[in-house]
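Below is one structure; the comments refer to it alone.
These numbers come from the heavy atoms of this one structure, side chains and all, not from hydrogens, waters or symmetry mates. All ligand and atom numbering here is 1-based and tracks the order in the structure.
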Amino acid sequence: MLTKWLHKVLPRKSARRGKRREISLAQHHIQADDLSFAAEKVITRLQKEGYQAYVVGGAVRDLLLGVTPKDFDVATDATPEQIHKLFRRSRIIGRRFPIVHVMVGPETIEVTTFRGGAVNSHNELGRIMKDVSFGTLEQDAMRRDFTANALYYDPKQQVVLDFHHGVEDILNRRLVMIGNPAERYQEDPVRMLRAARLSGKLGFTVDKHTSKPIAECAQLLKREPPARLFDEVLKILFSGYAQACLRQMNNLGLKDIHPLLDALMPGGESNDNIVALALHNTDERLRADKSVSMGFVLAAVLWPHIRTVWQRELNSGMRSSAAMNAAITSERQHVDKNWGVPQRYSVTMREIWSLQPQFEIMRGARPYRLLGQPRFRAAFDFMCLRASLGELSQDTVQWWQAFQHGSDVEREQLIRTASQSEKNSTRQKRYRNRRTNKPKQEEA
Ligand code: ATP
Ligand code: MG
């Protein structure tokens, strides 16, 4: 209904891009109290001091779509130093693009100064290396990536400013790059990943001029610092729509960019059921507002490799835990060097792996020790994931389930039962071995 009506009141697409249009409350329906307390406070303060200040980007887009924004960004004509002076709890960050983080209660608002038309420094491939030129609101809108992200909301005037037909593109669920898409990808290759992420997450189609140069420019992403790519991978994984984003990456020809992305891709070489299952669980948990551990997701993504090396070492006669340590060591150097994974995640990932062999031991004091490990919960969930794919028996899952929640007496009983069935199976094995060896001896 609203969509139909907005289509009617908005000017036709033929209007020149870059021209400022004001969308009124009657058209956009965003209420000032749709903003977070912190966003409202930051904007009010800046405006009170005589600066221009708007909510910009994803938050305006999401509010127009009727989605609750996950964070609020603010754009202003105040310089980073001026912003920093106004807010006691703030800090200037970013080398390439200085921005200010303003903390209000538990929230952090990212405040950026309007970017100017001139980029200070490009490399030989046209990539922006440094950008500290400040400019007008119109220039800032030109420098944003997609039309849907170049919308500015002023809560005081209750107006949305639209320079590039962003509102119309949102209504048509279309992602359109501002300016010449190939040049914009050369300036900043991460915009290609953003195209995949935003279209996957929002269910938008990517405009054909916007998608066309991507396959050709995709290799530029390889030159990006692994840590920046990893940041974007995190956003994909935590979007709640990881599977859809990865499908979009595939459709757009974004392949062979980062080992982690390759491992995640549907049908990718190192792809495995456990990766698909972990992504599915992650999406479901995020949509249900539950927490997700990056270390856990990474543990699943790299598991196919770890499992192969672990199995190989086991076959060569190593004990289970030692074989697992060997597998972890083999992966360690490669991941630390090439993946840009921050240590806080890789440490959790390795702890989850190293606890896996211990779930096989259900006798003596070992189960108690495992239960006391700080990462027990994550390791147990990971073991359940493996069991759901047939790597372990459901009996093992049930045993650990009962052990975790049992009383002292019940735990002792569980250990006794497990020890007994282990003895029985060892006896059976010996008996089988003797029987299979017997005829050979007779023949000899
Ligand atoms: P999300 O909902 O994931 O936060 P977002 O569009 O808000 O999506 P942010 O990374 O928060 O993404 O960026 C805020 C805004 O900054 C974007 O909406 C866009 O206007 C601008 N922006 C971010 N990254 C780029 C980029 N690489 N090039 C140009 N503009 C960008
Ligand atoms: Mg945002």
For residues [X] and [Y], report the shortest heavy-atom separation together with the two atoms involved.
| X | Y | result |
| --- | --- | --- |
| M177 | T210 | N-OG1, 3.0 Å |
| F114 | T136 | CB-O, 3.7 Å |
| A141 | I178 | O-CD1, 3.5 Å |

Using a strict cut-off of 4.0 Å, indicate which atoms of ligand 1 neighbour a heavy atom of [X].
| X | value |
| --- | --- |
| D188 | 26 (C), 27 (N) |
| G57 | 18 (O) |
| K235 | 10 (O) |
| D71 | 4 (O) |

- Message: I need the contact type for D145 against ligand 1. Using non-hydrogen atoms and a strict under-4.0 Å cut-off, is it side chain, backbone, both or neither?
- Response: both
- Message: Using a 4.0 Å heavy-atom cut-off, which part of T112 comes near ligand 1: side chain, backbone, both, or neither?
- Response: neither
Which protein heavy atom lies closest to [atom], and at what distance to 0.1 Å?
| atom | value |
| --- | --- |
| atom 28 (N) of ligand 1 | R191 NE, 2.8 Å |
| atom 6 (O) of ligand 1 | R61 NH1, 3.0 Å |
| atom 4 (O) of ligand 1 | K70 NZ, 2.9 Å |

- Message: Within the structure provided, determine whether Q248 and V206 are in side-chain contact (heavy-atom separation under 4.5 Å).
- Response: yes
Measure the distances from the heavy atoms of [X] to every atom of ligand 1 and state whether one is below 4.0 angstrom.
| X | answer |
| --- | --- |
| R194 | yes |
| V190 | no |
| K201 | yes |

- Query: Taking it one step at a time, do E49 and R45 satisfy salt bridge (Lys or Arg N to Asp or Glu O under 4.0 Å)?
  - Reply: CA-CA 6 Å; E49 295 296 324; R45 181 78 206 274; 3.6 Å; yes
- Query: Can you name the N/O/S atom of D71 that is nearest the Mg ion (ligand 2)?
  - Reply: OD1
- Of the listed options L151, I99, D73, closest to atom 11 (O) of ligand 1 (non-hydrogen atoms):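 Heavy atom nearest to atom 11 (O) of ligand 1 belongs to D73.
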- Counting heavy atoms only, which of R197, R144, R143, E187 comes nearest to atom 16 (O) of ligand 1?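 Nearest heavy atom to atom 16 (O) of ligand 1 lies in R144.
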For the residue pair [X] and [Y], categorise the inter-ring angle as parallel (less than 30°), tilted (30 to 60°) or perpendicular (more than 60°).
| X | Y | value |
| --- | --- | --- |
| W400 | F376 | tilted |
| W303 | W353 | tilted |
| Y345 | F230 | tilted |
| Y54 | Y152 | perpendicular |

- Decide whether an N or O pair under 3.5 Å exists between G58 and ligand 1. yes
- Note on the structure: side chain to side chain contact (heavy atoms under 4.5 Å, CB included) with D73: of I99, V56, V55, only one passes, and it is V56
